[in-house]
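The chains referred to below are lettered A, B, ... by the order of the sequence lines, with proteins before strands, and numbering in each begins at 1.
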Amino acid sequence: GENVEQHPSTLSVQEGDSAVIKCTYSDSASNYFPWYKQELGKGPQLIIDIRSNVGEKKDQRIAVTLNKTAKHFSLHITETQPEDSAVYFCAASILQAGTALIFGKGTTLSVSS
Amino acid sequence: ETGVTQTPRHLVMGMTNKKSLKCEQHLGHNAMYWYKQSAKKPLELMFVYSLEERVENNSVPSRFSPECPNSSHLFLHLHTLQPEDSALYLCASSQVGRGGGSYEQYFGPGTRLTVT
């Protein structure tokens, strides 16, 4: 089955710096890679996702890149702000087959002002 | 708000109690999920209901019993739990396409369960 590894487990940056979180997956059939942000006391919220037919997707300060050959994908947050502080989870699944999302263990991002 | 609500938000129960967690989605989705979130571990999928039919049961102990009476409501019935079952229980919903493919999952805020 699919296995998703996520690094680092914790990340501390200064406000305005960039943050990068990386994930690797094991099943080459996986074709859907969402990223979730979980703030304290809340459930995970989808912030961006990418499908295997594209290599990069951007939404304002957030971008995700996918390398299918190497089986890894990354979340990039630019110009970080204190409100970006949260736990971020990556996940992988096979959309057409309706397989379950397999999540990484999460990265706790702390942005200090 | 994501359109997925969960009650109660916090629950403390003894090992001999019986309780139920409730989830309701207002998104018109046709699939619902229960996840368990423990400290230092990835989210663990417990159950999946698609079109009100249980399609996945991820080797969950029988002391957890799901119920999906319709596409908008999902319950998790709990009985004789163990302290290691203490965790955040998350509900999610999504739309499943004709070919079975599932789109984005939306999560509720979770129920923080403590078993004493």
Side-chain angles (χ1 to χ4, degrees), chain A residues 1-10 21-27 29-54 57 59 62 64 86-108, chain B residues 1-7 9-10 21 23 25 27 29-51 53-60 87-112:
Chain A
E2 176 65 278
N3 182 52
V4 176
E5 298 284 339
Q6 183 172 348
H7 300 280
S9 56
T10 59
I21 303 170
K22 299 182 179 182
C23 289
T24 59
Y25 60 99
S26 60
D27 189 348
S30 290
N31 59 9
Y32 176 61
F33 309 93
W35 285 89
Y36 286 83
K37 175 184 181 182
Q38 186 173 22
E39 296 174 305
L40 203 60
K42 297 184 178 181
Q45 282 196 290
L46 179 70
I47 55 171
I48 195 167
D49 57 15
I50 191 167
R51 305 190 184 197
S52 60
N53 57 346
V54 298
K57 184 175 178 181
D59 183 3
I62 293 174
V64 57
V87 181
Y88 291 81
F89 294 94
C90 63
S93 76
I94 306 171
L95 259 187
Q96 290 81 357
T99 60
L101 285 173
I102 303 300
F103 285 86
K105 288 187 177 181
T107 297
T108 301
Chain B
E1 293 299 323
T2 62
V4 181
T5 58
Q6 290 186 244
T7 55
R9 294 294 308 277
H10 301 272
L21 309 184
C23 176
Q25 59 97 0
L27 301 168
H29 289 163
N30 57 12
M32 297 186 77
Y33 310 76
W34 278 118
Y35 287 86
K36 176 183 179 183
Q37 187 175 34
S38 306
K40 309 293 184 187
K41 294 175 75 173
L43 277 80
E44 301 171 63
L45 180 66
M46 300 175 72
F47 301 103
V48 180
Y49 276 84
S50 179
L51 302 172
E53 179 182 334
R54 191 191 309 180
V55 296
E56 190 157 343
N57 177 344
N58 232 13
S59 303
V60 179
L88 182 68
Y89 289 84
L90 291 159
C91 172
S93 71
S94 73
Q95 185 66 17
V96 175
R98 291 180 184 276
S102 174
Y103 299 95
E104 296 85 352
Q105 288 188 22
Y106 293 85
F107 285 83
T111 294
R112 174 67 63 186

Original post:
In terms of heavy-atom pairs under 4.5 Å with chain B, which of A/G106, A/P44, A/A91 leads?
Top reply: A/P44

**OP:** Flag the one option from B/Q37, B/E44, B/K41, B/R112 with the top tally of heavy-atom pairs under 4.5 Å to chain A.
**Re:** B/Q37

**OP:** Check the side chains of B/S94 and B/Y33 for a donor-acceptor pair under 3.5 angstrom, ignoring hydrogens and angles.
**Re:** yes

**OP:** Please look at B/L90 and chain A and tell me whether the side chain, the backbone, both or neither of the residue comes under 4.5 angstrom of a heavy atom of that chain.
**Re:** side chain

Original post:
Side chain, backbone, both or neither: which part of B/R9 has a heavy atom under 4.5 Å from chain A?
Top reply: side chain

**OP:** Would you please name every residue forming a ring pair (Phe, Tyr, Trp, His ring centres under 6.0 Å) with B/Y106, sequence neighbours left out?
**Re:** B/H29

Original post:
Where on B/Q6 is there a heavy atom nearer than 4.5 Å to chain A: the side chain, the backbone, both, or neither?
Top reply: neither

Subject >> Partner set under salt bridge (charged side-chain N to carboxylate O under 4.0 Å, His left out) for A/E39, not counting sequence neighbours >> reply: A/K37, A/K42

Subject >> Which portion of A/Q6 sits near chain B, non-hydrogen atoms under 4.5 angstrom >> reply: neither

Original post:
Looking only at atom types and distance, does a side-chain atom of A/T107 sit under 3.5 Å from a main-chain N or O of A/P8, one as donor and one as acceptor?
Top reply: yes

Original post:
How are the rings of B/F107 and B/Y35 set to each other: parallel, tilted or perpendicular (split at 30° and 60°)?
Top reply: tilted

